[in-house]
Every structure is written in C-alpha cells, then in structure tokens.
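What you see is a predicted model; the values in this text were computed from it and never measured.
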Amino acid sequence: MTNREVAWILNAMADMLELKNDNPYRVRAYRKAAHTVYHLDEDLRDVYLRNAVGEIPGIGSRMRDQIEEMLETGSCIFFEQLRQEVPQGLLDMLSIPGLGHKTIRNIYQGLGIDSIEGLAQAAQAGKIRRLPGMGAKTESNILAGIHLLKQSREKITLGLAAPVAEDFSLHLKGAAGVIAAEPVGSIRRGKPLVGDIDILVAAEDFKQVRVQVASYSQVQDVKRVGQDFIQGLLHPNMKFEVIIVKPEDYYHSLTWTTGSKEFRELVFQDRDRKHLKGLKSEEEVFRQLGLQYIPPEMRENKGEIPKAISNSLPVIVEFSDILGELHVHTDWSDGAHSLQDMAVMAQKMGYAFLAITDHSQSLHISGGLSPQRLMDQGQAIDELNRHFRGFTLLKGSEVDILKDGTLDYHDEILKQLDLVIASIHSHFKLEAGQQTARIIKAIENPHVHIIGHLTGRLLNRRPPYELDTDQILAAAAEHHKVLEINAHPDRLDIDESIARKAAQMGIKIAINSDAHHGKDLKFLKYGVMTARRGWLKQEDVINTWDLGRIMDYFHR
DNA sequence: GCCGTTTTCGGCCCGACTGTTTTCAGTCG
C-alpha cells in the first residue's frame, strides 16, 4: 500500500467521522495524519520496517496501529466499520462546493437522501427548502454546486495526473522488451486540467505490456483491451489509456499522441506515417515533416505551425533557466518548514536565491505575521545569510490586498523588505469594476513588486474573480509590475493566455511555487510548463535573472 | 485522536461571508 493510499483512507475516515458529528478534534487529527502521510518523504513501508510509524509527528498509538493494519492487510477494521455506518453517497456529496457535513446530515436525516442524484432531484423538486435552516437560495446553490462538480469530475489537475502518469510509465518500463514508455497527450503538453492519462509504450512483445499493465497496483479497473491499447481506471477514478507501438514507430507516434487534435490534423494531414518509421528522435520527425522542432507545450495550433514552417519559433524558457524562487511560506505563518529547512531545500533544487514571503497580519487563519514578527523574521534571515555561500535568502512578504485596495502593512514596513508580493485572500465576490480597481490600486503602490495569483482561480473548485484583465495588464505595464505565474497545480494562475498577452506588452513574469512545504518547491515545473504554453522566453521570466538584476528591476 | 507536561487531562487556529435568520449556524480558507 502506498503513502497516497494510506493518506486517502485516513482522509476518508476523517470525512466519515465528521459526517457522524464526531469530536471535531478527532476529525482534525485524522486529517492532519492524512496530510502528514501524503507529504512524507519516506515510503511508509520502510518506516514500518524500522518500527518507527509511531514516531511520525501527529501519529499516536491508535493511528499507528491503524496504519500498520493497513500496510499489513490493505485496510483496517475501524475504516470498514465506518463504511458500514456512513453511506458512500454522503461522502460523494461532501465534494459539492458549499455543502459541508452538517448540511449533508440535515438532508440525510430529514429526507433520507444519500446520493448526489437523489439530492439533485430533491433540489429540483423544491424539497430542500422545506428543511429547517434551508431556503431557496441554498437549493439553487446546491444545484450550481452539483453542476460544477460534474464538470470537474471530467478532468483532473495536472498536479494529480502527472505524478501518477510518471509512476505508471516507470512500472511499464519494467516489462521485458519494453524500449520506452512516456506520458503523452495533455500531460506532456502541460495542460492544467487533464481528461485522461495517456501513456505511449514501445515494445516488441505487446502481450508482455498488457500483462505489465494488469500487474500495476494502482489499476482499479480495466475497461477495454485491444491489440495495441488498454483503457481503464487508475486509483482513484482516473481514466487511463496505454498505447502500444513497435519500437520503429515510437517517435512519430510520440508526436502524433502528444499534439492536440487540431495540431495533429494540421501537421499530419495527407501524410503517410509509414515514411516516418525508424526515426531516432522527435527532432527527426519534425525535420521529415518539414518543420522546425515544436516543444510539446506549444503543440496546440495557436500559431506555432506557421512559425515552425518559416523557422521562426521563439526560444522558450526552460526549467534549467530558473535560478531561484520568489514566493514561499515557512512555519512563521502557515508553512510546514523552518527558514533554514526551506533554504536547504532550495539549495538542493540548485537555486541561488529564495524569497521568504509569509502571510501578512490580517490573514489570521494562516498565521499572518504582525509587523513585529515580520521584523523578527528579517533578523533571523540576516543571521542565516551570514552562513550561506553562493545563496541568498530574501526578506519578503505576501501581503494581503485589503477590500479597498490598500495593503495589509504600512508603507514604512513594506519599504524595508527586499520584495513584496500583493495578493487577494478575501472578498472574492466583488463586482468586476470594484475588484479591478482594488487590484490596480495595489499595482500603483510603489512598494509592491509582484501581483500574486491574479485571478484567484482554484482549478475544479473556484472560478476566477470577476476582473477586467485588460485594464489590469495596462496598469501593470505602466507601473512596471511583475505578474506571477503561481505554479501550484491547483492554481496555475495567471494562465497561459494572460501570460502570453502580458509578455507581449512587455510585462515581466515571476514563476513561483507558493510552497507551503519543502516538497512543494517541485511544483515550479508546472509553472514553467504554463509559461512555455504561453510562449514566454527566458528573458520574460525574472527568476531566470541573476539576483542583482532582479533587485535593480524592483528598486529602481 | 494527539500532544505536552507544572504529565494521564485539558486544549487543540479563528474571522469573514452567506443565507438563514431576527441573533445564529454552517462553510471556507
């Protein structure tokens, strides 16, 4: 059993306990344990072999027993008991935005509804509003929430899909006679939302590959098996397709299966792919097609094909261009790690600098820093910097943009910092004019350098705020403010199209992981993919610059 | 359910918003 599966069960237990109205602190303990296990650096099975499961912070004796039981048997008795008591449909209902455990229990007890379908029917029939504490508005919110959920069920975030796809590919490479296996389709193109996990495999013996697919522990269901493909579901409920080709067909198939449908049709139109057999790389495939090599992220038919024909594609930014990172959190606010730990992990990423940008004072829930704490943190950073060679921690803040567009610290405080990211974390539902004016006011503040996660979207969970993006881009260009591509896979905000437009206007971009955990630093690659989808060049992305140049740009 | 200790029991993140209400409950971040 993998860490992810154990975490999934612990989280399900938290949900079921909550639905049963159990002690909220007990619920929180399970949720916290799930989070810890999910982010654990080590394989739980190894921890178990060292007899050290109970030493993990937040895992006490009872949770330790349950986790060990899961590792030994694949489940645990307490989990199975809860599943007997709590209908699966109630758990499904929890994923409807705006519905919590209390409302779900109210509906279940009042109307006996235990499925999303039943809930939708009752809401349409106007039965929900008759329950105590419920009204017409709640009813329509439920229907809207179910609609949103159905949309999100169709796609999963790149952050969920890509690691699973990579692990699956690795497993497939282990089969005898497999020459290559690689995620293709929208994952390889770095799309923020992915419909299914496509893996291309090159092998002499297709049967071996089919056997290897069936032996993968995360396969939940196999739906269709053809001569050269297998379709099914990976845990939990992610669609996959494995496409098998002969080794001599690998590279042109890689190009074929990576591009979007429109790209594929245009590039391969009237071509006989037989002539592309036996090539040794994708570069050769493009050469044969009479095209400049097009990076996977650009294969969307968004203007790249004519550019490739005329050999005039821009050279886009690469992960190896990134010299440092400008937006992370620590345990001074809601991050998991200390300043020192984050610095060490940034150095392991090969970075020369890292900006510490914890939350500002009004974000109480996230442990926002008072001005005094911020100054104390600055001193701690100065102290750490004395010991680094070839690496610098920057003193920064992710300061809240308040409702009226003013910032959560006075200018006197802000001007003492190396960099200031201004972000919105409240009042998401202002009308467009007010929201736009609020952000522009922050852009006009001379102490602000970067606008964080501009549109506020949370993929599959929350749409962007109502905004006039063009007005904001104009203001950012005028005031030389940097826009962030927040690389967190739930955000990827700004998206590729805003980024592309911004770069065309001369606005510089920072790609930031927004890490709340050392591991999250790795999210940066998703932001780089988004930048590449937006055709950004190295020059457009400030964290490819050396630190001196960044500081000059901020403080001129 | 976990943790810490002045240690086996008491505390554990809290404010804003929404929708239902006439003063609050539920959800979210």
| said: Measuring centre to centre across the rings, with the benzene-like ring taken for any Trp, is H447(A) within less than 6.0 Å of H410(A)? | reply: no
| Atom pair distance, as rounded to whole Å: CG in L369(A) and P in dC13(B) | 17 Å
| Nearest-neighbour nucleotide for the F428(A) side chain, dG29(B), dG1(B), dT27(B) considered | dG29(B)
| said: At less than 3.5 Å, do the side-chain atoms of N141(A) and the base atoms of dG19(B) form a donor-acceptor pair? | reply: no
| Relative to each other, are the rings of W8(A) and H235(A) parallel, tilted or perpendicular (30° and 60° limits)? | perpendicular
| request: Using the P atom as the reference point in each nucleotide, state the distance between dT22(B) and dG11(B) in Å, no decimals. | output: 32 Å
| field | Rounded distance in Å between the C1' positions of dT20(B) and dT27(B) | value | 13 Å
| remark: Considering only heavy side-chain atoms of R26(A), the closest of dC13(B), dG29(B), dG1(B) is dG1(B)
Nucleotide N/O to protein N/O under 3.5 Å, stretch nucleotides 20-22 of chain B:
residue : atom : partner : partner atom : Å
dT20(B) : OP1  : G135(A) : N            : 2.8
dT20(B) : OP1  : G135(A) : O            : 3.2
dT20(B) : OP1  : K137(A) : N            : 3.4
dT20(B) : OP1  : T138(A) : N            : 3.0
dT20(B) : OP1  : T138(A) : OG1          : 2.9

| query | To the nearest angstrom, how far is E18(A) atom CD from dT27(B) atom C1'? | reply | 10 Å
| In whole angstrom, what separates L402(A)'s CG from dA16(B)'s P? | 11 Å
| note | I96(A) CD1 to dT27(B) C1', in whole Å, measures 14 Å
| request: Mind calculating the distance between NE2 (H425(A)) and C1' (dG15(B)) to the nearest angstrom? | output: 15 Å
| message | Could you tell me how far dG26(B) sits from dT21(B) if I compare only their P atoms? Round to whole Å. | response | 13 Å
| Pairs touching residues 134-151 of chain A that satisfy salt bridge (charged side-chain N to carboxylate O under 4.0 Å, His left out), sequence neighbours left out | R129(A)-E139(A)
| said: Both conditions, 6.0 Å and 45 degrees, for the charged tip of R62(A) above the ring of F78(A): are they met here? | reply: yes
| query | Quick one: is Y25(A) getting a side-chain N or O under 4.0 Å of the dG1(B) phosphate, OP1 or OP2? | reply | no
| message | Tell me the interatomic distance from Y30(A), atom OH, to dC2(B), atom P, rounded to whole angstroms. | response | 7 Å
| Out of dC2(B), dT27(B), dC13(B), which has the shortest distance to the side chain of R28(A)? | dC13(B)
| message | Tell me whether Q377(A) contacts the main-chain N or O of W332(A) through its side chain, where contact means a donor paired with an acceptor under 3.5 Å. | response | no
| query | M93(A) has an atom CE; how far is it from atom C1' of dT27(B), in whole Å? | reply | 15 Å
| request: Compute the ring centroids of H488(A) and H453(A), then answer whether they are less than 6.0 Å apart. | output: no
| message | Check this one for me: any side-chain N or O of R62(A) less than 4.0 Å away from OP1 or OP2 of dG1(B)? | response | yes
| What integer distance in Å separates D15(A):CG from dC28(B):P? | 11 Å
| query | On a whole-Å scale, what distance lies between the C1' atoms belonging to dG15(B) and dG10(B)? | reply | 24 Å
| said: For D514(A), is there any backbone N or O sitting under 3.5 Å from a side-chain donor or acceptor partner on H327(A)? | reply: no
